[in-house]
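Written below as structure tokens is the structure these notes are about.
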Amino acid sequence: MANQGNGRQPPKYQRIADVLKAAIQAGEYGPGDRLPGENDLMATYEVARMTARQALSVLQNEGLAEARKGAGVFVREFKPLRRRGIQRLAQEQWGSGRSIWSADTEDRTLVVDQVEVRERSADERIAGALDLAPGSPVCVRSRRFVLDEKPVLIATSYLPSEIVEGSTITQEDTGPGGTYARLAELGYKPVHFREEIRCRMPSADEAERLSLSMGTPVILIVRTAFADEGRAVEVNEMTLDSASYVLEYDFDA
């Protein structure tokens, strides 16, 4: 397959990866099936081991395949989450007692397997986002979310202690509708949200906590929730496994 930009063919490993990708998309290899190994690819395409290894790495980096130690490389069985960025934050979602995360999972169960709630002093970054003086106390809620036994998301929320102190927001279980429903009960109902999105490679800690394959980037989403008169009441920093998510934004013209 020629490169339209300069007339050159892609490197061999990319061409092999493209053939394997087409076979996966055509159903020749289904979820959980083992892909040809390095030795198979070396013999079939008459390439060096490094080229075969790079071809399989492309599929892993794109989230189509995963390596299993001592067993080979397999078509990934995990179905990506479709994160509906607008619908999930509608008041009818959290206002009716449903978790905003349920908008992403459909009939699958998203489990919080790690949660920590503590109070700390806000650094300049968080204080600036919440319009607080640096050093002001904030409630910090850290969680890890697991779907189909696969860690997919780490989220850390920061809320001004002055408005959440004594509420269930400072406990591990915030109750039906989660943090936003509790903020509404406290008189700080979120009426506006802003999300900033970027991508980068994970830190060693993020790669370990999300069980990421080598070379898999993460998606960073920072959401700020605002109550009436533009008061920022929460900053939520989320780190997503990029291979586990499709970000969807559906809105009228």
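Just the heavy atoms: all of them, side chains too, but no hydrogens, waters or symmetry mates, feed the values below.
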To the nearest 0.5 Å, tell me how far Leu132 CG sits from Ile126 CD1.
10.0 Å

Identify the two heavy atoms, one from Pro217 and one from Ser242, that lie closest to each other, and give their separation to 0.1 Å.
O-OG, 2.7 Å

Is there a donor-acceptor pair closer than 3.5 Å between any side-chain N or O of Ser57 and the backbone N or O of Arg53?
yes

For Val115, what residues pass the side chain to side chain contact (heavy atoms under 4.5 Å, CB included) criterion, not counting sequence neighbours?
Val112, Val117, Arg143, Glu172

d(Ile221 CD1, Thr239 OG1) to nearest 0.5 Å is 9.5 Å

Could you tell me if the side chain of Ile219 sits less than 4.5 Å from the side chain of Ile197, heavy atoms only?
yes

Could you tell me whether the side chain of Thr170 and the main chain of Ser167 form a donor-acceptor pair under 3.5 Å?
yes

OH/Tyr158 to CG/Asn236 distance, rounded to the nearest 0.5 angstrom?
9.5 Å

Check whether any side-chain heavy atom of Cys199 lies under 4.5 Å from a side-chain heavy atom of Leu220, and answer yes or no.
no

Any Lys/Arg nitrogen of Glu28 or Lys21 sitting under 4.0 Å from an Asp/Glu carboxylate oxygen of the other?
no

Assess the pair Tyr180 and Phe193: is the distance between their ring centroids shorter than 6.0 Å?
yes

List in chain and number order the residues that pass ring-ring contact (aromatic ring centres under 6.0 Å, His included) with Phe74, two or more places apart in sequence or in another chain; answer none if no residue qualifies.
none

Does the side chain of Val146 reach to within under 4.5 Å of the side chain of Leu110, using non-hydrogen atoms?
no

Where do Pro10 and Arg15 come nearest, in terms of heavy atoms and distance?
O-NE, 3.0 Å

Do the side chain of Arg120 and the main chain of Gly135 share a donor and acceptor less than 3.5 angstrom apart?
no

Tell me whether Leu64 is reachable from Ile16 by hopping between hydrophobic residues (I, L, V, M, F, W, Y) whose side-chain heavy atoms are closer than 4.5 Å.
yes

With distance as the sole test, does Thr44 use its side chain to make a donor-acceptor pair with the main-chain N or O of Asp40 at under 3.5 Å?
yes

Give the minimum heavy-atom separation between Thr174 and Thr168, together with the two atoms involved.
O-OG1, 3.3 Å

Would you say Glu237 and Thr156 are linked by a side-chain donor-acceptor pair, where the criterion is simply a distance under 3.5 Å?
no

Indicate the atoms forming the closest heavy-atom contact of Gly30 with Val75, along with that distance.
O-CB, 3.3 Å

Verify same cluster id: Ile154, Leu147 (apolar side-chain graph, 4.5 Å)
no

From OG1 (Thr216) to CE (Met201), nearest 0.5 Å
7.0 Å

Indicate whether the side chain of Arg49 and that of Asn39 have a donor and an acceptor atom separated by less than 3.5 Å.
yes

Side-chain heavy atoms under 4.5 angstrom apart, residues restricted to Ile, Leu, Val, Met, Phe, Trp, Tyr: same cluster for Val19 and Val58?
no

Please round to the nearest 0.5 Å and tell me the distance separating atom CG of Leu41 and atom OH of Tyr13.
15.0 Å

Within a reach of under 6.0 Å around CG of Asp131, are more than 12 heavy atoms found that belong to other residues, nucleotides or ligands?
no

If you count heavy atoms of other groups shown closer than 6.0 angstrom to CD of Glu165, is the number above 12?
no

Taking a hydrophobic cluster as the set of Ile, Leu, Val, Met, Phe, Trp and Tyr residues connected by side-chain heavy atoms closer than 4.5 Å, whether directly or through intermediates, do Tyr245 and Met238 fall within one such cluster?
yes

Taking atom CE as the centre, does Met50 end up with more than 12 heavy-atom neighbours from other residues, nucleotides or ligands that are less than 6.0 angstrom away?
no

For Val164 and Cys139, the nearest pair of non-hydrogen atoms, with its separation, is CG2-CB, 3.8 Å

For Glu185, give me all partners under side-chain hydrogen bond (donor to acceptor under 3.5 Å, both in side chains), at least two apart in sequence or on another chain.
Arg182

side-chain contact (heavy atoms from CB on, under 4.5 Å) test vs Thr51 passes for just one of Glu46, Lys12, Gln14, namely Lys12

Quick one: side-chain hydrogen bond (donor to acceptor under 3.5 Å, both in side chains) partners of Ser203, sequence neighbours excluded?
Glu206

Residues in side-chain hydrogen bond (donor to acceptor under 3.5 Å, both in side chains) contact with Ser161, at least two apart in sequence or another chain
Glu119

Closest heavy-atom contact between Arg118 and Ser142?
NH1-OG, 3.4 Å

Quick one: do Glu196 and Arg198 make a salt bridge, cutoff under 4.0 Å?
no

Is the shortest heavy-atom distance from the side chain of Ser244 to the side chain of Phe145 under 4.5 Å?
no

Any salt bridge between Arg76 and Asp148, counting N to O under 4.0 Å?
no

Less than 4.0 Å between a side-chain N and a carboxylate O, is that true for Lys150 and Asp241?
yes

Pairwise side-chain contact, Val222 with Glu195, heavy-atom cut-off 4.5 Å (strictly under):
no

Using the rule that Ile, Leu, Val, Met, Phe, Trp and Tyr join whenever any side-chain heavy atoms are under 4.5 Å apart, tell me whether Met42 and Val73 fall into a single cluster.
no

Looking at Val140, Val233, Val138, Leu183, which hits side-chain contact (heavy atoms from CB on, under 4.5 Å) with Leu159?
Leu183

Check the pair Gln114 / Arg209 against side-chain contact (heavy atoms from CB on, under 4.5 Å), numbers first and verdict last.
CA-CA 10 Å; Gln114 297 176 4; Arg209 292 189 66 193; 2.9 Å; yes

For Thr224, give me all partners under side chain to side chain contact (heavy atoms under 4.5 Å, CB included), at least two apart in sequence or on another chain.
Arg194, Phe226, Ala232, Val235

